[in-house]
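The first residue of the sequence shown is numbered 1, and numbering continues consecutively from there. Note that the structure is a prediction, hence the values are computed from the model and not measured.
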Amino acid sequence: MKRFKQEVPKVSHDLLVLREGDDVAVVTRDLAPGDTAAAPGATPVTATGPVPRGHKIALRAVPAGGQVHKYGQVIGAATVDIAPGDHVHGHNLGFEDGTREAPLGGTRTELPVPDGARPTFRGYRRADGRVGTRNFVAILTSVNCSASTARMIADQFRGAALDAYPNVDGVIALTHTSGCGLVPDSEGGQVLLRTLRGYAAHPNVAGLLVLGLGCEMVPGAALAARSGRVTDLGMPTVGPPGTGSGTGSGTGSGSDVEQGLLAAIPDDTVVRSLTIQETGGVRASVRAGVEAVRAMLPLVNARERVECDVSELVLALNCGGSDGYSGITANPALGWASDRLVAYGATSVLAETPEVYGAEHLLTARATEPAVAKKLLDRIDWWRDYVRAGGGTLDNNPSPGNKAGGLTTILEKSLGAVAKGGQADLGAVYEYAEPITERGFGFMDTPGYDPVSVTGLVAGGANVVVFTTGRGSVFGCRPTPSIKVATNTPMYTAMAEDMDLDAGVIVDGTATVAEVGQQIFDRVLAVASGERTVSEELEIGAEEFIPWHLGAVT
């Protein structure tokens with residue numbers, strides 16, 4: 001059994017050498033030609049040209065065609081001869097898929113539980129046993145045609161309108177751009193239904209108003225019914241196991257999604273529904289919707305927080321606007337916090353399948369059994385076909401902003417991204433927006449686009465999000481609070497009003513990965529107990545509700 005060990009980079013004012021034997025290091029200050037940079041235990045190198053802060057410098061010569069290593073892994077191949085001291089980036093480093101052995105499990109990691117009392121937080125215990133970290137009234141639209149009406153209703157409850165209801169965190173309109181023009185039993189139709197049902201049943205939603213037009217393909221009745229079985233909702237089920245694109249969770253012969261099971265709405269959620277056509281149009285629906293919400297508010301406000309064990313947390317791990325420090329500071333620190341939660345019996349879920357491509361072998365090696373590893377590899381194969389059909393390849397990532405921050409290839413980006421998942425065993429792989437049912441560390445298949453990815457995780461039941469960023473994402477999330485962690489201090493200083501924590505202190509040498517990981521862990525508990533994040537103070541999050549759109553629109 002492998003005992004948990006958090007690797008900490010060697011830190012100096014000049015270089016970060018991440019693993020012994022790496023061909024490159026990350027510079028921590030802008031280097032001019034002729035500047036000499038050093039790290040403890042590494043041979044000093046002299047910059048042959050300018051190297052921006054957060055970018056890579058060659059520690060040794062690499063011939064054209066030779067593999068370049070970072071994190072002890074291949075991040076690409078030299079496109080020209082690279083000399084010691086050269087800036088290593090897109091001008092001399094190219095993508096090389098290469099071969100990676102993807103073990104089907106076998107590694108086991110012991111996560112020690114600290115001595116002393118178990119941590120707790122104050123959450124909202126729901127009738128189905130789950131725990132909410134917020135207490136929202138949600139107006140959920142079944143189709144884009146009802147989006148404007150939903151926003152008009154929600155706008156009546158801004159500002160002082162909720163002063164009399166201190167236990168209500170807000171009234172939010174969850175709108176989207178779909179709901180009609182798609183085949184309900186298609187892959188895209190099932191993904192949308194699963195996502196909307198996941199929000200309807202979320203433990204952070206205590207009051208639910210389902211608002212439809214009246215003629216859409218995803219009827220509001222399918223979202224408002226408490227049952228979690230697709231056939232009970234009057235909707236077609238997914239095909240038998242193996243005929244769809246899904247991977248499911250656990251290790252059975254078919255996932256809950258394949259068997260036609262969706263999230264069931266808790267019995268204590270106050271549910272109402274309206275259709276615009278039956279109610280008499282937009283103005284009449286706004287009046288009726290406002291009255292429906294007003295009637296809910298006293299019931300929702302009557303709920304109170306109670307002491308809950310840390311194991312009730314479901315943490316979503318995500319990142320956006322990554323840079324050269326992401327895999328060195330914020331992501332490993334979040335991995336530390338994730339492992340601590342898992343050690344206590346809580347749940348933590350990684351996502352963004354295109355951004356684990358190139359590092360999937362590190363996850364499959366940690367799978368609890370071969371079937372779990374195989375599910376992740378199946379999703380990687382699905383994504384290869386999916387992007388090829390759209391005229392792209394998985395190595396189209398990183399984005400221009402990622403590259404400006406020092407990331408060159410998707411392999412390098414993915415190796416830093418998986419650090420958010422720490423060292424815990426991988427126990428489950430979920431389809432997009434599938435209910436998260438297994439405690440421990442899991443993975444959800446989502447795109448890399450931040451709001452779409454987090455929407456899937458929240459639909460699955462995540463009650464806290466931690467979001468790392470190097471370039472400065474202004475992402476927010478509702479009804480689940482999102483904690484933003486900056487990877488570097490200059491960005492944190494420049495955007496301090498949009499960031500919750502600064503992990504750049506790891507590079508500065510004033511804190512370790514474990515110390516920042518403890519800060520993240522403590523902040524997760526505080527936010528779960530009601531402490532507001534910076535994005536919540538700005539009421540950011542409703543517009544970031546973006547279900548993954550798959551398939552044809554007719």
Side-chain angles (χ1 to χ4, degrees), residues 174 176-178 187-188 190-199 202 244-249 255-257 262-263 314-322 331 334 338 347-360 363 372 375-387 390 392 394 396-399 410 413-414 416-418 420-421 426 428-438 441-469 473 475-477 480 482 541 544-551:
L174 297 173
H176 56 94
T177 60
S178 188
E187 183 177 17
Q190 294 293 316
V191 165
L192 178 62
L193 177 61
R194 196 158 67 235
T195 305
L196 298 178
R197 282 289 300 190
Y199 273 73
H202 199 279
S245 66
T247 58
S249 62
S255 71
D256 285 347
V257 172
L262 298 171
V314 181
L315 176 67
L317 311 170
N318 224 264
C319 61
S322 300
N331 289 356
L334 177 52
S338 172
T347 305
S348 180
V349 185
L350 186 66
E352 301 178 283
T353 312
E355 295 182 13
V356 302
Y357 171 65
E360 68 275 6
L363 294 173
V372 174
K375 290 173 185 177
L376 177 57
L377 296 176
D378 287 345
R379 294 316 293 162
I380 296 286
D381 288 341
W382 183 93
W383 272 95
R384 285 193 180 97
D385 294 338
Y386 180 62
V387 297
L394 283 172
N396 287 344
N397 205 320
S399 70
I410 183 57
K413 184 178 181 180
S414 293
V418 299
K420 300 191 299 290
L426 177 66
V429 174
Y430 300 96
E431 290 191 30
Y432 184 85
E434 184 179 357
I436 297 166
T437 56
E438 304 285 334
F441 175 59
F443 181 86
M444 179 176 285
D445 177 33
T446 77
Y449 182 36
D450 310 334
V452 178
S453 180
V454 176
T455 294
L457 288 163
V458 173
N463 53 19
V464 180
V465 177
V466 175
F467 190 97
T468 67
T469 181
S473 172
F475 176 81
C477 185
T480 293
S482 176
E544 287 72 16
F545 170 69
I546 305 180
W548 187 9
H549 188 181
L550 283 169

TODO: Please report the shortest heavy-atom distance between Ser178 and Leu192, naming the atom on each side.
DONE: OG-CD2, 3.7 Å
Open item on the list: Please verify the inter-ring angle class for Phe545 with His176; under 30° counts as parallel, over 60° as perpendicular, anything in between as tilted.
Closed with: perpendicular
Open item on the list: Is any side-chain heavy atom of Leu363 closer than 4.5 Å to one of Leu376?
Closed with: yes
Open item on the list: For the CG atom of Leu174 and the CD1 atom of Ile546, what is their distance to the nearest 0.5 Å?
Closed with: 12.0 Å
TODO: Check Leu317 against Gly421 and note the closest heavy-atom contact, atom names and distance.
DONE: CD1-CA, 4.1 Å
Open item on the list: Give me the atom names and distance for the closest heavy-atom approach of Cys477 to Val458.
Closed with: SG-CG2, 3.7 Å
Open item on the list: So does Val372 get a backbone contact from the side chain of Lys375, meaning a donor-acceptor N/O pair under 3.5 Å?
Closed with: no
- [ ] Just jot down the side chain to side chain contact (heavy atoms under 4.5 Å, CB included) partners of Thr353, sequence neighbours excluded, or say none.
- [x] Arg379, Ile380, Trp383, Phe443, Asp445
Task: Short N-O contact, Arg384 and Asp381, less than 4.0 angstrom - done: yes
TODO: Could you tell me which non-hydrogen atom of Glu431 sits nearest to which non-hydrogen atom of Glu434, and how far apart they are?
DONE: N-OE1, 2.9 Å
- [ ] Take Ile410 and Leu394 through the test side-chain contact (heavy atoms from CB on, under 4.5 Å) and record every step on the way to the result.
- [x] CA-CA 8 Å; Ile410 183 57; Leu394 283 172; 5.7 Å; no
Open item on the list: As an exercise, state the distance from CD1 of Ile436 to CE of Met444, rounded to the nearest 0.5 Å.
Closed with: 4.0 Å
- [ ] Considering non-hydrogen atoms only, spot the tightest contact between Glu544 and Pro451 and give its length.
- [x] O-CB, 3.4 Å
Task: Heavy-atom donor-acceptor pair, His202 side chain to Ala462 backbone, under 3.5 Å - done: yes
TODO: Please check if the side chain of Tyr432 supplies one atom and the backbone of Arg194 the other of a donor-acceptor pair under 3.5 Å.
DONE: no
Task: Chi angles and distances behind the side-chain contact (heavy atoms from CB on, under 4.5 Å) call for Leu457, Val465 - done: CA-CA 9 Å; Leu457 288 163; Val465 177; over 6 Å; no
- [ ] Any chance you could lay out the side-chain contact (heavy atoms from CB on, under 4.5 Å) test for Glu352 and Asp450, step after step, and finish with the verdict?
- [x] CA-CA 8 Å; Glu352 301 178 283; Asp450 310 334; 4.0 Å; yes
TODO: For the pair Ser338 (side chain) and Leu334 (backbone), establish whether a donor and an acceptor sit closer than 3.5 Å, ignoring hydrogens and angles.
DONE: no
TODO: Determine the minimum heavy-atom distance between Ser473 and Gly320, stating which atoms define it.
DONE: CB-O, 4.1 Å
Open item on the list: Is there a side-chain contact between Ser482 and Val454 in this structure, where contact means two heavy atoms from C-beta onward sitting under 4.5 Å apart?
Closed with: no
TODO: Taking Thr468 for its side chain and Asn331 for its backbone only, find out whether a donor-acceptor pair lies under 3.5 Å.
DONE: no
TODO: Before accepting this row, confirm whether a basic side-chain N of the pair Lys413/Glu355 lies closer than 4.0 Å to the acidic partner's carboxylate O.
DONE: yes
- [ ] I would like to know whether Thr455 and Trp548 meet side-chain contact (heavy atoms from CB on, under 4.5 Å); could you show each step before the answer?
- [x] CA-CA 8 Å; Thr455 294; Trp548 187 9; over 6 Å; no
